[in-house]
Protein chains: 2
Amino acid sequence: MPKRNHDDPALKLDNQLCFAVYSTAHALTRTYKPLLDALNLTYPQYLVMLVLWERDGMTVKAIGQRLHLDSGTLTPLLKRLETAGYVRRQRASDDERQVNIHLTEQGQALYERAHSVPQEILSASGGNARNLLALKQNLLQLRDTLNAAGD
Amino acid sequence: MPKRNHDDPALKLDNQLCFAVYSTAHALTRTYKPLLDALNLTYPQYLVMLVLWERDGMTVKAIGQRLHLDSGTLTPLLKRLETAGYVRRQRASDDERQVNIHLTEQGQALYERAHSVPQEILSASGGNARNLLALKQNLLQLRDTLNAAGD
DNA sequence: GAAATAACAATTGTGCACAATTAAATTTCC
DNA sequence: GGAAATTTAATTGTGCACAATTGTTATTTC
């Protein structure tokens with residue numbers, strides 16, 4: 001039985017944009033890991049902290065919209081952040097369906113220790129801020145195109 | 001007690017390249033999902049199939065090197081692909097530590113049904129192949145820089 | 001104002017992703 | 001030739017990520 005030829009260039013791994021995004025995301029997470037270990041955060045937890053440092057007291061829903069994550073991901077993650085002492089979860093009194101997430105003193109204080117993280121990531125990324133900014137814009141455009149296509 | 005100002009632009013979510021990569025990766029996975037559901041594959045399983053379609057009979061180790069994944073991820077994933085009937089896992093006779101992964105007839109046949117996937121992804125991505133190719137190259141350069149920095 | 005509907009968080013179940021450990025086989029070095 | 005080091009896959013445990021469901025609370029509709 002002759003082996004079939006598999007020669008569609010579109011199905012070669014090295015031609016897949018998606019694998020480039022996927023493997024770069026993992027490389028970035030691995031780069032963040034030692035930096036975030038020092039803050040006792042995982043990368044998704046760090047994203048939640050970034051959101052809360054911009055605006056404290058957001059609901060789970062609002063955090064999820066900002067990060068494109070749902071409650072199935074956020075609820076246990078936020079409970080771990082609460083256990084770590086960085087946030088407080090409080091059901092809203094005016095609408096008992098919602099849960100507001102507030103930073104604790106410790107969570108506020110963590111901001112000061114986070115300043116060095118973006119610098120180190122920039123450095124590990126090669127340090128060309130202009131190129132990286134353009135890359136970010138291109139990615140966001142792709143992301144928004146994909147999200148618009150799948151509505 | 002006055003609320004502290006959190007105004008380091010480097011710590012704004014919207015300025016983070018990493019979040020752009022992270023959220024684009026998720027958007028891509030979501031775009032793939034309905035296409036891959038039809039093939040009874042998840043996205044990481046699809047990546048493994050791409051690798052095997054290029055070269056059948058690879059070891060777990062070699063697949064992991066290609067995809068930047070370790071055996072803790074691949075072993076259960078490959079067992080699920082075996083249950084689905086797409087691959088066969090066989091311990092090498094010359095070196096019993098290694099496990100070779102071979103496509104089944106069904107796994108070979110799946111290739112024919114996969115041709116439409118990259119086309120549909122390209123279409124959902126906006127269809128500008130030239131821009132997407134440049135984006136891919138920029139991402140791979142970033143990934144390789146990060147991997148080189150963290151050795 | 002009661003019933004239907006919608007909004008929201010939590011829960012459950014499946015499948016990655018990776019660190020750390022284990023176990024087995026092979027290679028290296030003396 | 002045999003002890004020690006190395007290689008390899010599997011296992012275990014933690015933490016996302018998301019679909020589907022559940023239960024509660026608000027809101028809308030009649």
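Both backbone and side-chain heavy atoms feed into the values below; hydrogens, waters and symmetry mates do not. The sequence lines fix the lettering, A, B, ..., with proteins before strands; numbering per chain opens at 1.
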What is the separation between atom [atom1] on [X] and atom [atom2] on [N], rounded to the nearest whole Å?
X	N	atom1	atom2	result
A/N40	D/dT14	CG	P	15 Å
A/D95	C/dA9	CG	C1'	11 Å
A/R30	C/dC16	CZ	C1'	14 Å
B/K79	C/dC16	NZ	C1'	15 Å
B/D70	C/dA20	CG	P	12 Å
B/K61	D/dA10	NZ	P	13 Å
A/D94	C/dA7	CG	P	17 Å
A/L67	D/dC16	CG	C1'	13 Å

Value rounded to 0.5 Å, distance of [atom1] in [X] from [atom2] in [Y]:
X	Y	atom1	atom2	answer
B/L133	A/L17	CG	CG	9.0 Å
A/L146	B/L28	CG	CG	5.0 Å
A/L47	B/Q16	CG	CD	7.5 Å

* Asked: Taking N and O atoms by type only, does the side chain of A/R97 place a donor or acceptor under 3.5 Å from a partner on the base of D/dT24?
  ->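 No.
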
Taking atom types as they are modelled, would you say the side chain of B/T75 forms a donor-acceptor pair with the base of D/dA9 within the 3.5 Å cutoff?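 No.
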
Using the side-chain heavy atoms of [X], tell me which of these nucleotides is nearest: [options].
X	options	answer
A/R91	C/dT26, D/dA9, C/dA9	C/dA9
A/T73	D/dC18, C/dA17, D/dA9	D/dC18
B/P44	C/dA17, D/dA9, C/dG15	C/dA17
A/R80	D/dA19, C/dC16, D/dC16	D/dC16
B/H26	C/dA17, C/dA19, D/dA17	D/dA17

* With nearest nucleotides of DNA chain D determined for A/H68 and A/S93 from heavy-atom distances, which residue corresponds to the more 5′ nucleotide? ->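 Looking at DNA chain D, the more 5' nearest nucleotide goes with A/H68.
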
Query raised in the report: Should the pair B/R91-B/E96 be classified as a salt bridge under the 4.0 Å nitrogen-to-oxygen rule?
Result: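 Looking at B/E96 together with B/R91, the answer is no, because their closest N to O distance does not fall below 4.0 Å.
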
Inspect the contact between A/R66 and B/D14 and indicate whether a charged nitrogen and a carboxylate oxygen are less than 4.0 angstrom apart.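 Answer for the salt bridge query: yes.
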
Is the phosphate of [N], meaning OP1 or OP2, less than 4.0 Å from a side-chain N or O of [X]?
X	N	value
B/R89	D/dA9	no
B/Y22	D/dA17	yes
B/Q98	C/dT26	no

With a 4.0 Å cut-off on heavy atoms, is [X] in touch with a base, just the backbone sugar-phosphate, or nothing at all?
X	answer
A/L74	nothing
A/T29	nothing
A/L77	sugar-phosphate
B/T42	sugar-phosphate

More than 12 foreign heavy atoms under 6.0 Å from NZ of A/K61: is that the case here?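 Atom NZ in A/K61 is not packed in, count stays at 12 or less.
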
> Starting at the 5' end of DNA chain C and moving along, which residue's nearest nucleotide shows up first, A/G72 or A/A27?
Replying inline: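 Mapping each residue to its closest nucleotide by heavy atoms, the 5'-most match is A/G72.
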
